[in-house]
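See below for the structure under consideration.
Note that the structure is a prediction, hence the values are computed from the model and not measured. We count ligands from 1, going down the list as the structure has it; atoms in each ligand are counted the same way.
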Amino acid sequence: MQGEFSHVPVLLRECIEGLAIRPDGIYVDGTLGRAGHSLEIARRLTTGRLICIDQDEAAIEAAKVRLAEYMDRITLVRSNFNAVGEILRELGIAGADGMLFDLGVSSPQLDDAERGFSYMHDAPLDMRMDRRAALTAHDIVNTWSAEELKRILYEYGEERYAGAIARSIVRAREDAPIGTTLQLVEVIRSTLPAAAKREKQHPAKRSFQAIRIAVNDELGVLEPMLRGAVKGLNPGGRLCVITFHSLEDRIVKKTMQALARGCTCPPDFPVCVCGNKPKVRIVSRKPILPGQDEIMDNPRARSAKLRIAERTEFEWKED
Ligand SMILES: C[S@@+](CC[C@H](N)C(=O)[O-])C[C@H]1O[C@@H](n2cnc3c(N)ncnc32)[C@H](O)[C@@H]1O
């Protein structure tokens, strides 16, 4: 089913295999979304439990319907996933046997025009996944300095014309605030040279991605989430993370590598004095990518990368 407000789960088989689900195990889906992955995990549990986290209230409400048949083994938690460690503690769970994080926004978030994520629909500039959060896209576009705007457009959007777009935004808002998504699209469009407007990609795609990442602090939450998740896993428990762009993937790769390294002594130390042991074993050296069939069926899968790490036996020791 791929209509309005549905979301096709990405790398579903690979995630289910990667999690190595035991029917009596405890699992966390840290990015519930429209419950595509959660449904398949829940189906495989008997006496086990699935903790589903999402910061978007709409995801939690939709899951009550989609997962109704399995609610005896599911706990829904509305929270940021960077609090995964506290969430487990509050639920009295000493360790989980697997965790999945499928990053980014869901198709329903993009499709729901009033959320302001899309450059295709006119809506107030919002882009908050968690509508309780204070910072909106409107705040960023209308109050951040040209330098800050340039930085996020360049770093988070990899936008070549970051400086020019930032200056245009600041100029446009001197007359009146930029209130809606399509007003912002117009400012961006009018800034780009003709050649850039002819590219296959929508001219506002990169800028919208950048602003969305800033609104939701999407990169800042990753390392705390990854460390909290690994700490919360039982030995042998699997951590599966799906990313959709290079910035996210770099953080996931580097953090997994750091957790797999163990010893943090300077390289010229003759013997280890820190005593740190590897906290994870990297299961797949190279990220797992979707096959051509999946990309044909679901173009959103095109840029997906799945990385998997397994918790070691060593006790967690802060480094
Ligand atoms: C790509 S979708 C997940 C789709 C889901 N796996 C499925 O198959 O339906 C990502 C979801 O994670 C949520 N999300 C993203 N970042 C989050 C964060 N930091 N904390 C909690 N939820 C987050 C979003 O609200 C969105 O619903």
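Inclusion of H7 in the set of residues having an N or O under 3.5 Å from an N or O of ligand 1 is not warranted. Looking at N80 next to ligand 1, an N or O pair under 3.5 Å apart turns up. Remark: ligand 1 and G36 share an N or O pair separated by less than 3.5 Å (distance only, no angle test). By the 3.5 Å distance cut-off applied to N or O atoms, P9 is not counted among the residues near ligand 1.
Geometric assessment of R212 against the ring of Y156 yields a negative cation-pi assignment under the 6.0 Å and 45° thresholds.
Here R151 pairs with E148 in a salt bridge; the nearest charged N to carboxylate O distance falls below 4.0 Å. A salt bridge links R131 with E114: at least one charged nitrogen is closer than 4.0 Å to a carboxylate oxygen.
Proximity of Q109 to ligand 1, defined as any heavy-atom pair under 4.0 Å, is confined to the side chain (atoms from C-beta onward). When heavy-atom distances to ligand 1 are checked against a 4.0 Å cut-off, M129 comes that close only through its side chain, counted from C-beta outward. If you look at L100 next to ligand 1, there are no close heavy atoms at all, none under 4.0 Å. With a 4.0 Å cut-off on non-hydrogen atoms, V105 touches ligand 1 through its backbone and not its side chain. Only backbone heavy atoms of L32 (N, CA, C or O) come within less than 4.0 Å of ligand 1; its side chain stays farther off. With a 4.0 Å cut-off on non-hydrogen atoms, S79 touches ligand 1 through its backbone and not its side chain.
The A35 neighbourhood of ligand 1 comprises atoms 7 (C), 9 (O), with distances under 4.0 Å to a heavy atom of that residue. Every atom of ligand 1 is numbered from 1 in the order shown, and the set under 4.0 Å from a heavy atom of G33 is 3 (C), 4 (C), 9 (O), 27 (O).
Of the possible polar contacts, none joining the R307 side chain to the L239 backbone as a donor-acceptor pair under 3.5 Å is found.
Of the residues listed (R128, R78, R115), the one engaging D56 in a salt bridge (Lys or Arg N to Asp or Glu O under 4.0 Å) is R115, and it is the only one.
For the ligand labelled ligand 1, residue L103 lies inside the 4.0 Å heavy-atom shell.
Closest approach of L45 to G25, counting heavy atoms only: CD2-O, 4.1 Å.
Counting only heavy atoms of the protein, atom 9 (O) of ligand 1 lies nearest to R34 N, 2.9 Å. Summary of contacts: the protein heavy atom closest to atom 20 (N) of ligand 1 is F81 N, 2.8 Å. Atom 22 (N) of ligand 1 has its closest protein heavy atom at Q55 N, 3.2 Å. Scanning the protein for heavy atoms near atom 10 (C) of ligand 1, the closest one is G104 O, 3.1 Å.
By the 4.5 Å heavy-atom criterion applied to side chains, R300 and V10 are counted as neighbours.
For E158, the salt bridge (Lys or Arg N to Asp or Glu O under 4.0 Å) test picks out no residue, with sequence neighbours left out.
Ring centroid separation for the pair F208 and F117 does not come in under the 6.0 Å cut-off.
Pairs engaging residues 35-48 under the salt bridge (Lys or Arg N to Asp or Glu O under 4.0 Å) rule: E40-R43, E40-R44 [sequence neighbours left out].
The closest side-chain donor-acceptor pair between T180 and D122 falls under 3.5 angstrom.
With D54, L11, D56 as candidates, the residue nearest to atom 24 (C) of ligand 1 on a non-hydrogen basis is D54.
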